[in-house]
Amino acid sequence: MRWKFLGFTVALLLLVSSGCKQRIFMTEQDYQHTVTSTLEGQELHPDLSTTPMINPSGTPMTLRNLDRKVRFISLAECIAIGLEQGRVGQPSLLFPGTAQDNLVQFTGRGVAGSDSIRVLALDPARAGAEIEGALSKFDAVIRTSMQWSNTDQPIGTAQQNFLAGGGGIDVIQSNAATFSTALVKPLPTGGVAGITFNVPYEFTNLPARVNPSYRPQLQFSFEQPLLQGYGVEINQLRTAHPGSIINPGVLNTAPTAEGILISRIRFDQQRAEFERLVNQMLLNIETAYWNLYGAYWALYSREQGLQFAYTAFRLSKAKLEAGKISAADFYQSRGQYELFKAQRLEAIDRVFEFERQLRGLLGMPVDDGTRLMPSDSPTLAPYTPDWSTALQEALTKRPELYMARQDIKAAQMNLILAKNQLLPDVRFTANYDFQGLGSQLDGGSGATTTGGAANINAFRDLADGRFSSWNAGIQAVVPLGFRFGNVQVRQAQLALTRAVEVLKDQELKAEHFLYNYYHRLDTAYERIRANRATREAYGEQLRVRQLEYDAGRGTLDLLLESQRFWAEALASEYQAIVDYNNALVGFEFAKGTIMQHDNI
């Protein structure tokens, strides 16, 4: 019988290990792969949340404190800084290039609302940990226990007196102990395989064939759902393992939020969400960069106008003192001079604001002793993209649409899972065990006698396989009407229909958004040409008016008007250049190709 025992043991061990494509434990190397140095020992620092974590900035720039070293910065450097420590910025696509000044809010279970790229980069890792949590329902479980008991029972009945053998014993005394250990492995098919080893021990003062007695038992168990919960596919969708009837309570772990396959979909969606946030950050950074570029050119136009106005003001003052012009002409020149001074102050303030927005998006301190100045030249080449190609790219590369499509896949899987709940819970169960008996666990030669009592090796008796038993059966649980299962199916069908409609709506929105930047490209480029021609015409007019006024043939009001027209035309030309470059990056964002556009 020993060969039967060994063969069955090997066969069951192979069955327990079947279906395991990964190790059922986590090594130290695996653990270290999932953590970063910033996580080590953080829970041991009580002052972690009580002290500021940033170095205070110096006094920022004001109109009375403009002395800062200029730091020329390229767009590529801004993008690199943003990817390292930046922020996503304003989530609304109506206001690109704007940093988000709102702080976090309490949600009832912590705070939320940070748009730091370092914070958001941890979200895919957290979603990835959910996959391991979903896989944990297939982890093997070891259950071990050791119990002792002592009993003193007075003899008070005829039956107890018969058990005592009438030997004058007035109390039944017994000492008992039980050691039990079990290895239970949930199978990918929904079944459960287990090996249980028990060693009960008992010593009593009653007459017994073997005293003390050890009764080792080796039991092999197996059960398998036949309808509901059957199969590898459905158990990758379930949030919890079907459990065990033979070993109740061993696998009663808390169910995960979603099954393995859907957890992987959520991980892919979280990565797509992170890509969407990176795209949003790139759009905001590039827009803020060109806005700052345009703000400097607007300041230049005001300073040029101020220079022209000051020259006219100084000459008109000299002519007023010489009696060559009226006081009205003088005050007109002075008014224009003061107007350009006020416009210059407004332009400086716009430079301050756009630099603040860019610093906020890059995660830089509000003041570091430098003044940021864009060093890249804007794109002036015409760009006429193909609409069909651009629309196809938008429909296939926008991460928002990818997330919506993955939501349909998750809804399909949830519907499959819900329909599985309409099947009866029918399970096949089987047990096979070997038992032994002896007065000692090991040693001895099997069945010698010492002092008239049997001296039997319990482990050897177990290994002989002389005493074995088995049982098999089928158990079914069928809810009448399947009301709850039908409700789940209905909800899953509605969720799938909703996910399909959401995808249609999002694709239509993506098309509209792409068209917005598609026509803005052409409009902004034509505005550059028109405003450049306007600036050139007004520049020539200003030159002629200045010559006429210097020669005494022109009037002051025409000269001042020419100065205003030229300054406004210069500012409008560079605002059109900024709008064209912002339209270029917005078009790449609308296509979902902004990361490729920025070589990321």
Side-chain angles (χ1 to χ4, degrees), residues 36-38 53-55 57-58 60-61 68-91 93 95-101 114-125 270-297 351-381 383 397-399 577-578 580-600:
T36 62
S37 59
T38 58
M53 294 189 178
I54 65 171
N55 296 322
S57 300
M61 287 188 297
R68 292 290 188 279
K69 180 181 178 181
V70 175
R71 175 184 176 181
F72 292 99
I73 190 169
S74 66
L75 180 58
E77 184 180 359
C78 288
I79 292 175
I81 295 175
L83 292 175
E84 173 63 25
Q85 62 182 29
R87 304 188 183 100
V88 174
Q90 181 59 248
L93 298 178
F95 307 100
T98 306
Q100 183 173 330
D101 295 325
S114 174
D115 64 336
S116 170
I117 196 67
R118 292 195 171 190
V119 174
L120 299 172
L122 298 174
D123 291 338
Q270 188 61 63
R271 290 196 302 182
E273 170 65 10
F274 182 65
E275 179 183 348
R276 182 192 71 83
L277 295 172
V278 171
N279 290 351
Q280 181 77 41
M281 183 182 69
L282 294 175
L283 172 65
N284 284 328
I285 288 177
E286 292 201 41
T287 302
Y289 184 86
W290 295 120
N291 286 344
L292 181 59
Y293 176 89
Y296 273 110
W297 273 101
V351 170
F352 284 169
E353 177 59 21
F354 284 127
E355 181 177 347
R356 187 185 75 85
Q357 298 294 343
L358 182 58
R359 284 180 174 272
L361 291 170
L362 298 183
M364 300 177 65
V366 67
D367 188 275
D368 57 3
T370 63
R371 180 158 48 95
L372 299 182
M373 182 173 290
S375 61
D376 285 357
S377 299
T379 300
L380 298 177
Y383 177 50
K397 295 185 177 181
R398 285 291 295 267
I577 293 175
V578 170
Y580 179 64
N581 282 265
N582 287 342
L584 285 173
V585 65
F587 186 71
E588 296 294 337
F589 175 83
K591 291 194 303 175
T593 57
I594 188 172
M595 295 181 68
Q596 294 88 333
H597 173 72
D598 291 328
N599 297 319
I600 297 175

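Note: hydrogens, waters and symmetry copies are ignored here, and every other heavy atom, side chains too, is used.
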Would you confirm whether [X], through its side chain, and [Y], through its main-chain N or O, come within 3.5 Å as a donor-acceptor pair?
X      : Y      : value
Asn581 : Ile577 : yes
Arg87  : Gly360 : yes
Tyr580 : Ala381 : yes

So that I can tick it off, tell me whether Glu355 and Arg71 are bridged by a salt bridge, with the cut-off set at under 4.0 angstrom between side-chain N and carboxylate O.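 Salt bridge flag = no for Glu355 with Arg71.
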
Pair Asp367 + Arg359: basic N to acidic O under 4.0 Å: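 No.
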
Ring pair (Phe, Tyr, Trp, His ring centres under 6.0 Å) partners of Phe354, counting only residues at least two apart: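 Applying ring pair (Phe, Tyr, Trp, His ring centres under 6.0 Å) to Phe354 gives none.
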
Pairwise distance CD1(Ile73) to SG(Cys78) - rounded to 0.5 angstrom: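 It is 3.5 Å, given to the nearest 0.5 Å.
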
Summary of side chain to side chain donor-acceptor pair (under 3.5 Å) pairs that have at least one residue in residues 588-597, sequence neighbours excluded: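 Residue pairs with at least one partner in residues 588-597: Glu393-Lys591, Glu588-Thr593.
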
State which residues pass side chain to side chain contact (heavy atoms under 4.5 Å, CB included) with [X]; sequence neighbours excluded, sorted by chain then number.
X      : result
Arg118 : Glu84, Gln85, Ser116
Val366 : Ser57
Asp123 : Leu120, Arg126, Gln270
Arg271 : Pro124, Phe267, Asp268

With sequence neighbours left out, write down each residue that passes salt bridge (charged side-chain N to carboxylate O under 4.0 Å, His left out) with Arg356, or none if nothing qualifies.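 Scan of Arg356 (salt bridge (charged side-chain N to carboxylate O under 4.0 Å, His left out), adjacent residues dropped) gives Asp101, Glu353.
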
Can you list the residues that meet the side-chain hydrogen bond (donor to acceptor under 3.5 Å, both in side chains) rule with [X], with sequence neighbours excluded?
X      : answer
Asp598 : none
Tyr296 : none
Asn582 : Asn291
Asp376 : none

Surrounding CZ of Phe95 (heavy atoms of other residues, nucleotides or ligands, distance under 6.0 Å), is the total greater than 12?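 No.
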
Using the ring of each side chain (for Trp, its six-membered ring), is Trp290 parallel, tilted or perpendicular to Tyr293, with breaks at 30° and 60°?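 Ring orientation of Trp290 relative to Tyr293: perpendicular.
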
When Phe589 is tested against each of Ile594, Thr287, Leu584, Asn284 for side-chain contact (heavy atoms from CB on, under 4.5 Å), which residue passes?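 Filter result, single survivor: Ile594.
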
Scan residues 284-293 for pairs that pass salt bridge (Lys or Arg N to Asp or Glu O under 4.0 Å), counting only residues two or more places apart or in two chains.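 Listed by first then second residue: nothing to list.
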
Given side-chain contact (heavy atoms from CB on, under 4.5 Å), test Arg371 with Lys69 step by step and report yes or no. CA-CA 6 Å; Arg371 180 158 48 95; Lys69 180 181 178 181; over 6 Å; no

Test item: Leu282 and Ile600 side chains (from C-beta on) under 4.5 Å apart, heavy atoms: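 With C-beta onward as the side chain, the pair touches.
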
Where do Ile117 and Gly82 come nearest, in terms of heavy atoms and distance?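 Scanning both residues, the minimum pair turns out to be CG2-O, 3.7 Å.
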
